[in-house]
Amino acid sequence: MNDAATQPAPPQAPPVKRTPLIAGNWKMNFDHLQAIAFVQKLAWSLKDAQHNYGEVEVAVFPPFTDLRSVQTLLSADKLPVALGAQDVSPHESGAYTGDVSASMLKKLDTRYIIVGHSERRGGHGENDETVGLKARAAANAGMVPVICVGETAADLEEHGAAAIPVQQLTAALTHLAADAEIVIAYEPVWAIGSGDPATPEQAEEVGRALREVLRAERGDAVADRTRILYGGSGASQNVASYMKQPNLDGALVGGASLKVDEFSRIAQFTKHVTV
Ligand code: PGA
């Protein structure tokens, strides 16, 4: 007799719930006064919509010069919007003119730091090692690096969608402690600011490949809890289609994060998820 047939199935581990993150990368837009006005309006809009920040986390990534003002507003009004920075020095302190250290950002209650954005990889010659060191500086100071990876149009043609992002993530992980909390943003370079986003299927394919890297390098627990965002011409009309994908857990939004109503709608994607 086959014992296995009579045994009850072993209990399945419940699926891991990852809190989606909707992150607004302002890039070089808004001075500190505009930043305050924007965050105030965003908070009102989300309050009107009875937004549950525990269900969908919302973060803004203003330029360095705005961080202190936004921090003051968030803390005075007890607004549950998370604060992020767009870059960080890989160094702790010292003779690095123009750079900003992780400990300075931590003092401003910064929770997230974008590293490896394609505009820095491309425009400032940042390689995988620099990106990894910046991610490490953020993590060591108690913040969460948002590690951006993505292929150019030429990479896509030559290697397919996943190869370069997988390579970039693998390289960054070599600089990070095994238990460091990270967020990954898959941002195809050709989709950024182009109005031509990746299809949800392509983004999911890369999301799945990135999660497999985490599983191989860090084990199941890290792979299951790490959030992978999609970025590149994200907007309120398409965000829900990414969020339906099992391996995508949020969005890193550029242009559309500069319009309060649009960004607020993106954060409320659960209300416009269609089957
Ligand atoms: P985009 O930018 O939404 O304007 O395409 C995304 C990003 O660069 O993070």
Exercise: identify the closest heavy-atom pair between Val239 and Ala251: CG2-CB, 4.3 Å
Residues Leu67, Leu83; criterion side chain to side chain contact (heavy atoms under 4.5 Å, CB included); working and verdict: CA-CA 8 Å; Leu67 289 173; Leu83 190 57; 3.8 Å; yes
Verdict with reasoning, Ile182 to Leu214, per side chain to side chain contact (heavy atoms under 4.5 Å, CB included): CA-CA 11 Å; Ile182 60 171; Leu214 292 172; 4.2 Å; yes
Side-chain touch Val146/Ile113, heavy atoms, less than 4.5 angstrom: no
4.5 Å side-chain heavy-atom contact, Pro20 and Phe269: yes
Glu204/Lys244 ion pair, N-O < 4.0 Å: no
Minimum side-chain heavy-atom gap Leu252-Cys148 below 4.5 Å: yes
Arg211 side-chain N/O to Asn247 backbone N/O, donor-acceptor pair under 3.5 Å: yes
Pairing of Glu57 and Arg18 as salt bridge, 4.0 angstrom limit: no
Validation row: Leu33, Asp66 side chains within 4.5 angstrom (heavy atoms): no
Arg225 and Glu181 ion-paired at < 4.0 Å: no
Joint cluster assignment, Val183 & Val88, ILVMFWY side-chain distance < 4.5 Å: no
Exam field: side chain Arg218 to backbone Leu173, donor-acceptor pair closer than 3.5 Å: yes
Polar side-chain atom of Tyr230 near backbone of Ala198 as donor-acceptor pair, under 3.5 Å: yes
Candidates Ile147, Ile184, Asp249 - the one meeting side-chain contact (heavy atoms from CB on, under 4.5 Å) with Thr226: Ile184
Salt bridge present between Lys41 and Asp261 (N-O < 4.0 angstrom): no
From CD (Gln71) to OG1 (Thr110), nearest 0.5 Å: 7.5 Å
Basic-acidic side-chain contact under 4.0 Å: Asp128, Arg121: yes
Non-hydrogen atoms of Leu210 and Val149 that approach each other most closely: CD1-CG2, 4.0 Å
Side-chain heavy-atom pair Tyr53, Val81 within 4.5 angstrom cut-off: yes
Side-chain heavy-atom pair Pro63, Met28 within 4.5 angstrom cut-off: no
Distance in Å, Ile114 CD1 paired with Phe61 CZ, rounded so as to fall on 0.5 Å steps: 5.0 Å
Working for side chain to side chain contact (heavy atoms under 4.5 Å, CB included), residues Gln202 and Leu156: CA-CA 11 Å; Gln202 182 196 319; Leu156 179 64; 4.3 Å; yes
Side-chain donor or acceptor of Asp77 paired with backbone N/O of Gln40 under 3.5 Å: no
Any donor-acceptor N/O pair, Thr130 side chain to Glu126 backbone, under 3.5 Å: no
Donor-acceptor pair, side chain of Ser89 and main chain of His91, under 3.5 angstrom: yes
Spacing of Ile192 atom CD1 and Ser233 atom OG [to the nearest 0.5 Å]: 8.5 Å
Flag side-chain contact, heavy atom, 4.5 Å: Leu229 against Leu21: yes
Heavy atoms from other residues, nucleotides or ligands near CD of Gln50 exceed 12 (cutoff 6.0 Å): no
Which atom of Val39 lies closest to which atom of Trp26, heavy atoms considered: CG2-CH2, 3.9 Å
Gap between atom CZ of Arg265 and atom CG of Leu46 - 0.5 Å precision: 12.0 Å
Gap separating the CZ atom of Arg68 from the CG atom of Leu108, nearest 0.5 angstrom: 6.5 Å
Residue among His117, His124, Lys134 satisfying side-chain hydrogen bond (donor to acceptor under 3.5 Å, both in side chains) with Asp87: Lys134
Evaluation steps, side chain to side chain contact (heavy atoms under 4.5 Å, CB included), between Gln168 and Val131: CA-CA 9 Å; Gln168 290 171 334; Val131 173; over 6 Å; no
Heavy-atom closest contact (Ala209 atom, Val166 atom, distance): CB-CG2, 3.9 Å
pair Thr152-Trp190: side-chain heavy atoms closer than 4.5 Å: no
Side-chain donor or acceptor of Glu157 paired with backbone N/O of Ala154 under 3.5 Å: no
Shared hydrophobic cluster for Tyr112 and Leu248 (ILVMFWY, side-chain gaps under 4.5 Å): no
In one Ile/Leu/Val/Met/Phe/Trp/Tyr side-chain cluster, 4.5 Å: Met143, Leu74: yes
Over all atoms of both residues, closest heavy-atom pair of Val206 and Ala161: CG2-CB, 3.7 Å
Residues Arg208 and Glu205 bridged, charged N to O under 4.0 Å: no
Expected output: side-chain Glu151 to main-chain Pro188 donor-acceptor under 3.5 Å: no
ILVMFWY cluster, Leu42 and Leu79 together (side-chain gap under 4.5 Å): yes
Nearest heavy-atom neighbours spanning Asn238 and Pro197: ND2-CG, 3.7 Å
Spacing of CZ belonging to Phe263 relative to OG belonging to Ser45, to within rounding of 0.5 Å: 10.5 Å
Donor-acceptor contact below 3.5 Å, side chain Glu262 vs main chain Leu258: no
